[in-house]
2 protein chains.
Amino acid sequence: MTADTAPRGLVLVVEDEPTIADLVRLYLAWDGFGVHLERDGTAGLAAARRLRPVACVLDIALPGLAGTEICRRLREAGDWTPVIFLTARDDEVDRIVGLELGADDYVTKPFSPRELVARVRAVLRRAAGAAAGAEQPRVVGAVTLDPARRTVTAAGAPVQLTSTEFDLLAHLMARPGRVFTREELLAGVWGYAAHAGTRTVDVHVAQVRAKLGPASVIRTHRGVGYAADA
Amino acid sequence: MTADTAPRGLVLVVEDEPTIADLVRLYLAWDGFGVHLERDGTAGLAAARRLRPVACVLDIALPGLAGTEICRRLREAGDWTPVIFLTARDDEVDRIVGLELGADDYVTKPFSPRELVARVRAVLRRAAGAAAGAEQPRVVGAVTLDPARRTVTAAGAPVQLTSTEFDLLAHLMARPGRVFTREELLAGVWGYAAHAGTRTVDVHVAQVRAKLGPASVIRTHRGVGYAADA
DNA sequence: CCGGCTCCTTACCGAACCCGAACAGTCCCT
DNA sequence: AGGGACTGTTCGGGTTCGGTAAGGAGCCGG
């Protein structure tokens, strides 16, 4: 598929159950993340401090040191690295969210690995947005796209895109001219690790084109995929 | 066609059908990989453990031990070497990507050898996290070809090629001076299962030449095949 | 519980493209 | 110089591919 996978950074996973740990690692790696794995809480906290990951995925029930405790200590030390919890029971959720814990998101077991990956991405997107415009607005032709504000204008006029539509356009405009296959787009925007077989991408492209109007910036490469104009 | 220069590492291929196996080996070797070939599942598993390849390409239907079983046993032993499956039927896919199998990617037969190579590269890139751009634009004479953008210019002017035409030219320009027979081009560009006759190659070469104009870079080697100028 | 929005799928249609046959031109060997 | 083999070129039929519209599932707010 030739994903051009600019490295997305290192994710720390702390999980004692090998099956789940490996699964999580597999899917995160699939999505282009570097993954560091720890099996107990104490080592997890040390790794978080040492490796400075871009995000942490923490099981709550851990030998040595609970995931919640890891998170609390990081926050105490002024480390606001995004944290996503893995939790077995729904009733643990209340303790996590809306608390001083400073969790960014959580996933209850059993979970879909795909969903976890999507949440990691979402959390990072939010963090990037908060990090004072690490993302510059992009201009291609008459279309401008602001990743931080998640706004798009075509020929000066604001365009209202849905979340998926925006992500799709942003992905294409991130590398103008670069041709992305449908699979690459499915993997990059939707988080699917699947081959083609659906027309989902086409439909959304059509939708974006319709909203952009005549300024449309998306070019079809027959038999291959789509690209934004260079 | 032999592998040149820096070896990219060893890839284990387990495939019982000699035709496919040789083709896969040829193309991987071509791309700079060392290749070790096994013909049945049991030997494949042993080889994987003994040789520690950087990636495995496994047929699913194998004598002795199914490819899925090889993968499962490797994973059980904590071996997370990237695995790419070759599968004949689409409906096998769910079992693979689904979960615990831990496959990194798969390719359905009939596949293009170039696609397989691209996937091996992609998987390794993801595993390494590093971005190694083998997708640099190439220049031969007055013709430039950009694999990522899938664009071609001749004497400075952009040239619009169809998907097949582009792949054909890219294949030739990947190794300037190297003469490819029509069979090689059919296998490499169209895929090993191509049902097209060899004259089809001629037609497409003619088309590419026409579009490139006087800058044409494709040379005929009478009785043999075609090559791009060195 | 309902209505609206978004997303995904499916089906259909028009267009682009590929293939192969046929014929013309070129090269090579004798 | 001539014949044969190989290659260049043209062109229409059949197929594949992408655009588009319509419908149903899930989600959220009311």
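Just so you know, these numbers use all the heavy atoms, side chains as well, and skip hydrogens, waters and symmetry mates. Letters A, B, ... mirror the listed sequences (proteins, then strands); counts begin at 1.
- Taking side-chain N and O atoms only, A:Thr162 has a distance below 4.0 Å to OP1 or OP2 of C:dC7.
- When the nucleotides D:dT20, C:dG20, C:dA15 are ranked by their closest atom to the side chain of A:Val203, D:dT20 comes out on top.
- Counting all heavy atoms, side chain and backbone alike, A:Leu172 lies closest to A:Tyr226 at CD2-O, 3.8 Å.
- B:Gly191 and B:Pro113 make their closest contact through CA-CD, 4.0 Å (heavy atoms, listed as atom of the first residue, atom of the second, distance).
- Annotation: the terminal axes of the helix from C:dC1-D:dG30 to C:dT30-D:dA1 meet at 30°, where each axis is the rotation carrying the C1' atoms of four end pairs onto the next four (5 pairs per end, rounded to 10°).
- In this model, the phosphate group of D:dG19 is approached by a side-chain N or O of A:Tyr226 to a distance below 4.0 Å at OP1 or OP2.
- Rounding to whole angstrom units, CZ of residue B:Arg219 and P of D:dT7 are separated by 16 Å.
- Regarding B:Lys211, its NZ atom lies at a distance of 15 Å from the C1' atom of D:dT9, rounded to whole Å.
- The phosphate of C:dC8 has OP1 or OP2 within less than 4.0 Å of a side-chain N or O from A:His204.
- In this structure, CG of B:Leu168 is placed 15 Å from P of C:dC17, rounded to the nearest angstrom.
- At whole-Å resolution of the value, CD in A:Gln160 and P in C:dC5 are 12 Å apart.
- Dashed line: the shortest gap from a side-chain N or O of B:Arg182 to OP1 or OP2 of D:dC6 is not under 4.0 Å.
- Listed pair B:Thr164 / C:dC17 fails the phosphate criterion, with no side-chain N or O lying under 4.0 Å from OP1 or OP2.
- With a 4.5 Å cut-off on side-chain heavy atoms, B:Pro147 and B:Leu145 count as touching.
- Annotation for A:Glu184 and A:Arg178: closest pair OE2-NH2, 3.0 Å, computed over non-hydrogen atoms.
- Going from atom CZ of A:Arg209 over to atom C1' of D:dG19 covers 8 Å, rounded to whole Å.
- Phosphate proximity of C:dT9 to A:Thr198: present, with a side-chain N or O under 4.0 Å from OP1 or OP2.
- The CG atom of A:Leu161 sits 14 Å away from the C1' atom of C:dC7 (whole-angstrom rounding).
- In this structure, A:Arg222 atom CZ and C:dA16 atom P are separated by 8 Å, rounded to whole Å.
- The residues A:Arg182 and A:Asp202 are annotated as salt-bridged, a charged nitrogen and a carboxylate oxygen being separated by less than 4.0 angstrom.
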**Message:** A:His171 vs A:Leu185, test: side chain to side chain contact (heavy atoms under 4.5 Å, CB included). Steps then yes/no.
**Reply:** CA-CA 8 Å; A:His171 198 88; A:Leu185 292 171; 3.7 Å; yes
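- Comparing D:dG19, C:dC7, D:dT7 by their closest approach to the side chain of A:Asp202 singles out D:dG19.
- Two residues, A:Thr220 and B:His221, neighbour DNA chain D, and the one matched to the more 5' nucleotide by heavy-atom proximity is B:His221.
- Using cut-offs of 30° and 60° for the angle between ring planes, the B:His204 and B:Trp190 rings count as perpendicular.
- Between the side chain of A:Arg199 and the base of D:dG19, at least one donor-acceptor pair of N or O atoms lies under 3.5 Å.
- Proximity of B:Trp190 to the phosphate of C:dC19: a side-chain N or O atom is located under 4.0 Å from OP1 or OP2.
- One finds a salt bridge joining A:Arg150 and A:Asp167 here, because a Lys/Arg side-chain nitrogen approaches an Asp/Glu carboxylate oxygen to under 4.0 Å.
- Across the protein-nucleic acid pair, A:Gln207 atom CD and D:dA22 atom C1' stand 13 Å apart, rounded to whole Å.
- Under 4.0 angstrom from either OP1 or OP2 of C:dT9 there lies at least one side-chain N or O belonging to A:Thr200.
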